[in-house]
Amino acid sequence: MEPEMGAWSTLEYVTISRESAASGCNFYLTSVPALLVENLPQNLKSWVGKPTKVTSEEVTGISGNGRMCLLDPRAEKELAPEDAESFDWFVFGGILGDDPPRDRTAELRKLGYEGRHLGKLQMTTDTAVRVTRMVIENQINLAGIPYADYPELKLNKNEATQMPFRYVKGEDGQPVMPEGMLELIGKDADKSFDDFF
């Protein structure tokens, strides 16, 4: 993880931790700098692997990486329901979500993990985790997931912003986002606007 966790990432990781717990999945934040651990929201501290500087293999207790899947936008194969038979662990988070992508996955690719991609469009980290659970746990093909691509979010009656990501579409037809994210986007838009004056 990076030395600091911004407000956007915090909302995403809190959402991942909540949804993972609700579905009975284990969720680990790995390689978390000690200073960041001290400043993490309380509801994320319990998800930090011990010790804080730790490899994925140490956290999971797996010897070797044969049952680990690296969510890699450059992987040749897409994640599919049958991958539930091949993998027990999925490595992602902070790897997806950049716009434009910086290929931070390259650092993990060289470790030899088998990779899968989630399609060509960029997702936020919480969306990538959600999509992975839908494919692996619910046995839904990527093409069968309802998506909201580059949604336009109405911030108020006069302002809207377009998000540069793919989201899962909720039952209400709206993109599934972390609780509080729309308000945060609105605040960021206000800040950006105020910076012009």
Side-chain angles (χ1 to χ4, degrees), residues 1-2 4-23 25 27 29 40-41 43-44 70-75 77-81 90-106 115-197:
M1 291 193 65
E2 295 177 342
E4 295 179 5
M5 186 183 289
W8 284 53
S9 295
T10 300
L11 288 181
E12 289 182 3
Y13 283 122
V14 166
T15 298
I16 293 167
S17 68
R18 187 179 302 128
E19 290 181 1
S20 295
S23 70
C25 295
F27 165 60
L29 291 170
L40 279 175
N43 53 358
L44 282 182
L70 174 62
L71 275 292
D72 183 353
R74 295 188 181 182
K77 294 180 182 178
E78 74 176 24
L79 189 68
F90 296 86
V91 180
F92 50 154
I95 297 166
L96 302 172
D98 285 338
D99 180 50
R102 292 184 278 169
D103 192 27
R104 292 189 290 176
T105 312
R116 296 288 187 271
H117 68 79
L118 299 176
K120 294 185 184 294
L121 297 183
Q122 187 73 352
M123 298 178 185
T124 59
T125 306
D126 63 297
T127 301
V129 175
R130 189 173 298 112
V131 166
T132 299
R133 269 200 326 274
M134 292 173 81
V135 172
I136 298 302
E137 292 181 2
N138 302 338
Q139 295 287 287
I140 301 172
N141 286 311
L142 286 176
I145 296 173
Y147 296 112
D149 295 340
Y150 310 125
E152 184 173 273
L153 304 178
K154 194 140 178 77
L155 302 176
N156 57 48
K157 65 179 185 175
N158 300 316
E159 291 180 298
T161 187
Q162 186 173 29
M163 300 302 290
F165 303 114
R166 165 173 272 187
Y167 294 87
V168 170
K169 193 183 288 186
E171 291 179 10
D172 60 359
Q174 297 301 307
V176 177
M177 301 176 102
E179 187 178 323
M181 183 61 80
L182 193 57
E183 292 79 7
L184 182 58
I185 292 168
K187 285 180 190 173
D188 284 354
D190 288 343
K191 264 192 255 179
S192 301
F193 184 72
D194 291 340
D195 288 343
F196 288 111
F197 298 98

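Just the heavy atoms: all of them, side chains too, but no hydrogens, waters or symmetry mates, feed the values below.
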Can you give me every donor-acceptor pair (side chain of residues 141-149, partner residue at least two apart or in another chain, under 3.5 Å) with its distance?
residue	atom	partner	partner atom	Å
Tyr147	OH	Leu142	O	2.9
Asp149	OD1	Arg166	NE	2.7
Asp149	OD1	Arg166	NH2	3.4
Asp149	OD2	Arg166	NH2	3.0

N/O donor to acceptor pairs below 3.5 angstrom from side-chain atoms of residues 170-179, sequence neighbours left out:
residue	atom	partner	partner atom	Å
Asp172	OD1	Gln174	N	2.9

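Looking only at side-chain heavy atoms (C-beta outward), Thr127 and Phe165 stay at 4.5 Å or farther from each other. Annotation: side chain of Phe90 is in contact with side chain of Leu79 (closest heavy-atom distance under 4.5 Å).
Judged by distance alone, the side chain of Ser23 and the main-chain N or O of Ser20 form a donor-acceptor pair under 3.5 Å. Without hydrogens or angle criteria, Glu152 side chain to Thr161 main chain gives no donor-acceptor distance under 3.5 Å.
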For this session: Step by step, work out the side chain to side chain contact (heavy atoms under 4.5 Å, CB included) result for Val135 and Ile140.
Result: CA-CA 5 Å; Val135 172; Ile140 301 172; 5.6 Å; no
Problem set entry | From CA spacing to verdict: side chain to side chain contact (heavy atoms under 4.5 Å, CB included), Met163, Leu153 | CA-CA 7 Å; Met163 300 302 290; Leu153 304 178; 3.4 Å; yes
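Between the OH atom of Tyr13 and the OG1 atom of Thr125 there is a distance of 5.0 Å, given to the nearest 0.5 Å. One distance of note links CD of Glu159 with CD1 of Ile185; it measures 13.0 Å at 0.5 Å rounding. Distance check: Leu182 CG to Leu11 CG gives 11.5 Å after rounding to the nearest 0.5 Å. To the nearest 0.5 Å, atoms CG (Leu118) and CE (Met134) are separated by 12.0 Å. We find the OG1-CE distance between Thr124 and Met181 to be 7.0 Å, quoted to the nearest 0.5 Å. The distance from atom CD1 of Ile16 to atom OG of Ser9, rounded to the nearest 0.5 Å, is 9.0 Å.
In terms of heavy atoms, Leu71 sits closest to Pro73 at O-CD, 4.0 Å.
Listed by first and then second residue, the salt bridge (Lys or Arg N to Asp or Glu O under 4.0 Å) pairs involving residues 118-140 are Glu19-Arg130, Glu19-Arg133, Asp126-Arg130 (not counting sequence neighbours).
Atom NZ of Lys154 has more than 12 neighbouring heavy atoms from other residues, nucleotides or ligands inside a 6.0 Å radius.
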